[in-house]
Amino acid sequence: MAYLLDEHVTLLSLLPSPFAMSVKIALAEKGIKYEVFEEEAATFPAVKTDLLLRSNPVHKQVPVLIHRGLPVAESLVILEYIEQTWPASDGCDVRKSFLPQSPYERSVAQFWADFCNKKFWETSLLIMKKLHDEQIQAWNDTAQLYITLDREMSKLPYGKPFFFGEHLTTPDIVLAPLASWITVYESLVNRKFPDAKKCPRLAEWLDAISKHPNVKCSICDPRMLLDNAIRFQQRLRDEAI
């Protein structure tokens, strides 16, 4: 894949962050070469770099995309920025649009991207961030969202295996880090999400997303994520004592 070398793109990231992973997938899909600065994931509470605090003084969180010296914060905003800055219509054969062409289909894609970003990830990450009954409640809530996703994705008439057929769109990019995080969630609570018999559409999607080359090169090794999650949980226990 051909990369643009003069765009001066920097990503402030945190390796376990699904939101940062989605931005890495988007940059890979657009063929944009970038420099990445990873925040420290091992400290508790997190020690944030001066660069991050200067670049995102409001939320003080990754991801932040810095393009030609200008910071763009929040993952959904960054995905929209990437789509608009490096559009599929600029003559680059390798680039595809993150959004369908019709206004209605674009609205559907944006709805599910927002759902996955705000509802699914915010709920599912509580499996790592909570202990005891609260962790089990987070698991139950996430499992129900998993079932909801399967049911509603099955209704979409736009093709398979992804939300809108054969190419990644914004909701695929947002949800794609589940390919590595699902093992972590299941291991932390020693439970399994509904299998392919109960959730066949989501199982098909997960299989395809896990094999996608730009997803594979952008998400974290589940073993690393699990090790980090176990350490995080131990710190929570230590703090609770």
Side-chain angles (χ1 to χ4, degrees), residues 12-25 38-49 52-53 56 58-64 73-78 112-153 171 173-195 198-199 202-203 205-206 209-210 218-241:
L12 308 186
S13 174
L14 181 73
L15 279 173
S17 168
F19 309 106
M21 288 184 214
S22 69
V23 175
K24 292 175 181 177
I25 294 167
E38 298 286 354
E39 292 287 307
E40 177 58 61
T43 58
F44 184 82
V47 176
K48 299 178 181 181
T49 63
L52 174 60
L53 296 177
N56 189 5
V58 176
H59 295 299
K60 304 178 177 64
Q61 295 177 338
V62 300
V64 179
E74 298 297 299
S75 58
L76 284 183
V77 177
I78 295 171
W112 285 112
D114 186 76
F115 176 89
C116 293
N117 189 73
K118 293 180 180 177
K119 188 67 174 178
F120 187 87
W121 281 117
E122 288 184 7
T123 301
S124 68
L125 286 171
L126 294 176
I127 298 171
M128 180 188 71
K129 295 178 180 179
K130 299 295 183 179
L131 299 171
H132 311 309
D133 291 345
E134 290 182 317
Q135 184 187 54
I136 298 303
Q137 183 61 54
W139 167 268
N140 291 337
D141 292 343
T142 302
Q144 186 57 54
L145 292 174
Y146 190 93
I147 293 169
T148 298
L149 272 170
D150 177 81
R151 182 186 69 233
E152 297 304 317
M153 287 175 70
I173 293 169
V174 172
L175 191 59
L178 183 60
S180 58
W181 268 102
I182 190 169
T183 301
V184 179
Y185 294 148
E186 292 179 336
S187 298
L188 287 177
V189 295
N190 195 28
R191 297 185 181 190
K192 292 288 186 182
F193 282 105
D195 60 19
K198 294 183 179 179
C199 292
L202 196 50
W205 179 90
L206 268 171
I209 207 77
S210 300
S218 302
I219 62 175
C220 288
D221 184 332
R223 293 169 297 183
M224 185 279 288
L225 287 179
L226 180 58
D227 288 345
N228 181 77
I230 290 172
R231 289 195 299 268
F232 189 91
Q233 287 252 304
Q234 185 57 54
R235 295 187 201 109
L236 288 179
R237 294 188 183 93
D238 293 343
E239 288 284 314
I241 295 176

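These numbers come from the heavy atoms of this one structure, side chains and all, not from hydrogens, waters or symmetry mates.
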Can you tell me how the ring of F193 sits relative to the ring of W139, calling it parallel under 30°, perpendicular over 60° and tilted otherwise?
tilted

Nearest atoms (heavy-atom pairs only) where S218 meets I25
CB-CG1, 3.5 Å

Hits for side-chain contact (heavy atoms from CB on, under 4.5 Å) against R223, two or more places apart or cross-chain, chain-then-number order -> D221

Residues forming a side-chain contact (heavy atoms from CB on, under 4.5 Å) with Q234, sequence neighbours excluded
R237, D238

Shortest non-hydrogen separation from V64 to A73 and the atoms involved:
CG2-CB, 4.4 Å

Do W121 and V174 make a side-chain contact, defined as non-hydrogen atoms from C-beta onward lying under 4.5 Å apart?
yes

For S180 and M21, the nearest pair of non-hydrogen atoms, with its separation, is OG-SD, 4.0 Å

Show me, pair by pair, the donor-acceptor contacts under 3.5 angstrom made by side chains of residues 126-135, not counting sequence neighbours?
residue: Q135; atom: NE2; partner: I127; partner atom: O; Å: 2.9
residue: Q135; atom: NE2; partner: Q233; partner atom: OE1; Å: 3.2

Using every non-hydrogen atom in the two residues, find where K48 and E39 come nearest and quote the distance to one decimal.
CA-OE1, 3.4 Å

Kindly indicate, with the supporting measurements, whether the criterion side-chain contact (heavy atoms from CB on, under 4.5 Å) is fulfilled by L145 and F115.
CA-CA 10 Å; L145 292 174; F115 176 89; 3.7 Å; yes

N/O donor-acceptor pair under 3.5 Å between D195 side chain and K198 backbone:
yes

Please name the pair of heavy atoms, one in N140 and one in R191, separated by the smallest distance, quoted to 0.1 Å.
OD1-NH1, 3.4 Å

The single option from N117, L149, L206 passing side-chain contact (heavy atoms from CB on, under 4.5 Å) against L175
L149

Sequence neighbours left out, what passes side-chain contact (heavy atoms from CB on, under 4.5 Å) with A20? Give chain and number order.
S13, S17, P63

Can you name the closest pair of heavy atoms from P18 and P177 and give their distance?
O-CG, 3.3 Å

List the residues meeting salt bridge (Lys or Arg N to Asp or Glu O under 4.0 Å) with K119, not counting sequence neighbours, and say none if there are none.
none

Report yes or no: do Y185 and T142 form a side-chain donor-acceptor pair below 3.5 Å?
no

All side-chain contact (heavy atoms from CB on, under 4.5 Å) counterparts of P16, not counting sequence neighbours
L14, A41, W181, L225, N228

Verdict with supporting geometry, L226 and T183, side-chain contact (heavy atoms from CB on, under 4.5 Å)
CA-CA 8 Å; L226 180 58; T183 301; 5.6 Å; no

